[in-house]
Each structure stands twice: as structure tokens, then as C-alpha cells.
A.B. asks: 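Take this structure first; my questions come after.
Residue numbers start from 1 in every chain, and the chains themselves are labelled A, B, ... in the order their sequence lines are given, proteins ahead of strands.
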There are 2 protein chains.
Amino acid sequence: MAKTNLLAADGGFEQPCPIRDVLDRIGDQWSLLVLDALEGGTKRFNELMRTLGDISKQMLSLTLKRLEEDGFVRRTVYPEVPPRVEYDLTPLGHSFLVPMKGLVAWADEHHRHVCEARTHYRTGAR
Amino acid sequence: MAKTNLLAADGGFEQPCPIRDVLDRIGDQWSLLVLDALEGGTKRFNELMRTLGDISKQMLSLTLKRLEEDGFVRRTVYPEVPPRVEYDLTPLGHSFLVPMKGLVAWADEHHRHVCEARTHYRTGAR
DNA sequence: CGGGATCCATCGTGATACTG
DNA sequence: CAGTATCACGATGGATCCCG
């Protein structure tokens with residue numbers, strides 16, 4: 001029973017289940033994209049804005065803060081003027097990229113099937 | 001540059017990027033849990049309710065509909081009374097479990113680190 | 001430049017009641 | 001049993017202005 005039920009409401013009613021906890025964070029619209037953008041190395045705030053393309057300052061700021069809080073991203077402030085802030089992945093963040101890549105690869109590979117399924121669903125499934 | 005930027009706003013401004021498209025679906029609060037619950041085999045509606053434990057009927061219904069539409073789940077209705085409806089994974093759904101397991105395993109393994117990072121963040125990081 | 005604060009629109013989710 | 005309909009609310013995300 002403990003086989004695959006890591007996703008149950010709790011892992012046995014202790015903590016709120018590791019997977020849910022993690023997914024709640026990286027399950028938002030931007031976290032994965034930011035992590036991906038940082039894979040290439042250190043980036044500054046506006047650099048990330050340009051890389052992501054269509055994220056607002058607020059969401060980038062918020063996402064980075066959450067990722068920093070969870071230990072995925074490191075934030076480095078240089079006491080200069082004008083201010084300079086750099087973001088890069090921690091070892092934890094890097095390690096997360098591994099399973100993430102698996103997910104991305106799957107999505108890239110099977111996106112066609114999903115689209116076909118949607119079409120088929122509408123045309124005549126029911 | 002096309003190396004890892006599969007997550008950019010689009011894969012080159014064509015479709016809304018496969019990864020975002022997939023993530024928007026399975027990134028909600030329940031999809032992964034439902035898929036996991038179905039790994040064991042065919043299940044009925046109320047069976048899933050019990051397995052998930054704390055999902056509402058509405059959300060289970062909605063989640064299943066989306067998963068069915070995207071081709072992850074197959075819905076089989078038996079014209080009986082009282083009604084009987086069974087859900088199980090399609091091949092696509094099964095194939096998705098592979099990368100998902102990777103993510104689950106990571107979450108299970110590194111959850112401690114994330115918790116520690118959060119604590120450390122609050123106590124004195126800034 | 002790198003955000004924080006505020007306001008607002010929308011979405012996701014839950015609770016409840018009702019239906020076939 | 002297996003949902004659907006309705007209501008309500010908090011979270012999510014965008015836009016804008018402001019500040020050091």
C-alpha cells in the first residue's frame with residue numbers, strides 16, 4: 001500500500017504530503033519557466049523578464065521570492081548604484097531540473113497526442 | 001539557444017508551447033493525484049473519492065473530464081441502474097506516469113531540504 | 001535598475017443542493 | 001450511484017504607480 005500512494009492526502013497523516021507540498025509551489029504558471037531560464041546560469045531581474053517574455057514584474061518578483069524561500073534559487077544583491085541583483089540556481093535547484101527535464105521531454109514528445117485527443121473528444125467522442 | 005528553451009512563451013511563436021500547455025492541465029491541484037490513484041487500475045467515481053480522500057465531487061468530476069478530454073483517462077459508462085461509470089488510464093496516461101514518477105521521487109527525496117530552506121529563510125537569511 | 005504597494009479582473013476550488 | 005447547477009470566496013495574475 002505504501003507502494004505508490006505517495007500522493008495521498010498525506011503520507012500517513014503526518015505532513016501535508018511532500019508531493020503536494022512541492023507541487024503547490026512549482027505548479028504555478030511561472031516557477032518551472034523561471035527555473036528553466038536560470039539553467040543557463042546567473043541572470044539579472046530584467047534579463048529574466050526578457051527571457052520569459054511575457055511575465056509581469058510582479059509575478060517574476062513573487063515567483064523568485066518563493067523559489068528563493070524554498071531553496072531553489074539564490075539571490076545576490078550587490079550594494080551598488082544603480083542596484084544590481086543576480087539570481088542563480090542552488091544545488092537543490094539544479095537537482096530539480098533532472099526530473100523536470102523528464103517532464104518537459106514527455107510534454108514535448110506527446111503534445112501532439114494530447115492535441116489529437118482533444119480534437120477527437122470534441123468531434124465525436126460522445 | 002534552442003537547447004533548453006522549450007519552456008519559452010512559445011516554441012517559436014507557433015503553438016502556446018507544449019510544456020505550458022501540458023503543465024496548465026496537470027499543474028492543478030488534483031490531476032496528478034487522480035492519475036496516481038488510477039495507476040492501480042480501473043476505478044469508479046466514488047472509489048476515487050475515497051482514495052483521494054479530500055476532493056470534492058465537483059473537482060473530481062471536473063478533473064476527470066479534463067483528463068478524459070486530454071486523452072489521459074478513459075471513461076466507460078455502463079447503461080445500468082444504478083449507473084456505473086469506470087475510469088482507467090489510457091496508454092498515454094500510463095506513459096505520463098513515467099516522468100511523473102521521477103518528479104514524485106524527487107519531491108519525496110528532497111522535501112526535507114525544501115523545508116529546511118524555508119526555515120532557514122525565515123530565521124536569518126535576510 | 002530592481003523591485004514594493006495598490007487596485008482590479010479572472011480563475012480555481014469548496015460547499016451545498018438538486019437530478020437522472 | 002454519478003454526477004450537474006448554483007453560489008461564494010480566496011488565490012492568481014495583470015497593470016500601474018511609486019520608491020530607494
A.B. asks: Just checking B/Gln58: base, sugar-phosphate only, or nothing, at a heavy-atom cut-off of under 4.0 Å?
C.D. replies: base

A.B. asks: Does the pair B/Arg66/B/Glu68 count as a salt bridge with the N-to-O cut at 4.0 Å?
C.D. replies: no

A.B. asks: Rounded off to whole Å, could you give me the CZ-to-C1' distance for the A/Arg84 and C/dG2 pair?
C.D. replies: 13 Å

A.B. asks: I want to confirm an ordering. Mapping B/Leu62 and A/Leu64 to their closest nucleotides on DNA chain C, which one lands closer to the 5' end?
C.D. replies: A/Leu64

A.B. asks: When the nearest nucleotide of DNA chain D is assigned to B/Ser61 and to B/Pro82 on a heavy-atom basis, which residue is associated with the more 5' position?
C.D. replies: B/Pro82

A.B. asks: Would you kindly give the CG-to-P distance between B/Leu60 and C/dG12, to the nearest whole Å?
C.D. replies: 17 Å

A.B. asks: Let's see if you can work this out: which of D/dA2, C/dG3, C/dC1 has an atom nearest to the side-chain heavy atoms of A/Phe45?
C.D. replies: C/dG3

A.B. asks: Find the distance A/Glu47:CD to C/dG3:C1' and express it as a whole number of Å.
C.D. replies: 16 Å

A.B. asks: Can you work out whether B/Ile55 or A/Arg44 has the more 5'-proximal nearest nucleotide on DNA chain C?
C.D. replies: A/Arg44

A.B. asks: Parallel, tilted or perpendicular: which fits the ring planes of A/Phe96 and B/Trp106, with parallel below 30° and perpendicular above 60°?
C.D. replies: perpendicular

A.B. asks: Find the distance B/Trp30:CH2 to C/dC11:C1' and express it as a whole number of Å.
C.D. replies: 17 Å

A.B. asks: Between C/dG14 atom P and B/Lys57 atom NZ, what is the distance in whole Å?
C.D. replies: 14 Å

A.B. asks: Atom CG of B/Asp24 and atom P of D/dG13: how far apart are they, to the nearest Å?
C.D. replies: 10 Å

A.B. asks: Within this structure, what is the CD-to-C1' distance between A/Glu80 and C/dG2, rounded to whole angstrom?
C.D. replies: 13 Å

A.B. asks: Determine the contact category for B/Tyr87: base if any of its heavy atoms lies under 4.0 Å from a base atom, sugar-phosphate if only primed atoms, P, OP1 or OP2 are that close, otherwise nothing.
C.D. replies: sugar-phosphate

A.B. asks: For B/Leu33 and C/dT13, give me the distance from atom CG to atom P, rounded to whole Å.
C.D. replies: 11 Å

A.B. asks: Kindly point out which of D/dC1, D/dG3, D/dG13 is positioned nearest to the side chain of B/Arg75?
C.D. replies: D/dG3

A.B. asks: Among the candidates D/dT12, D/dA2, D/dG14, find the nucleotide nearest to the side-chain atoms of A/Met59.
C.D. replies: D/dG14

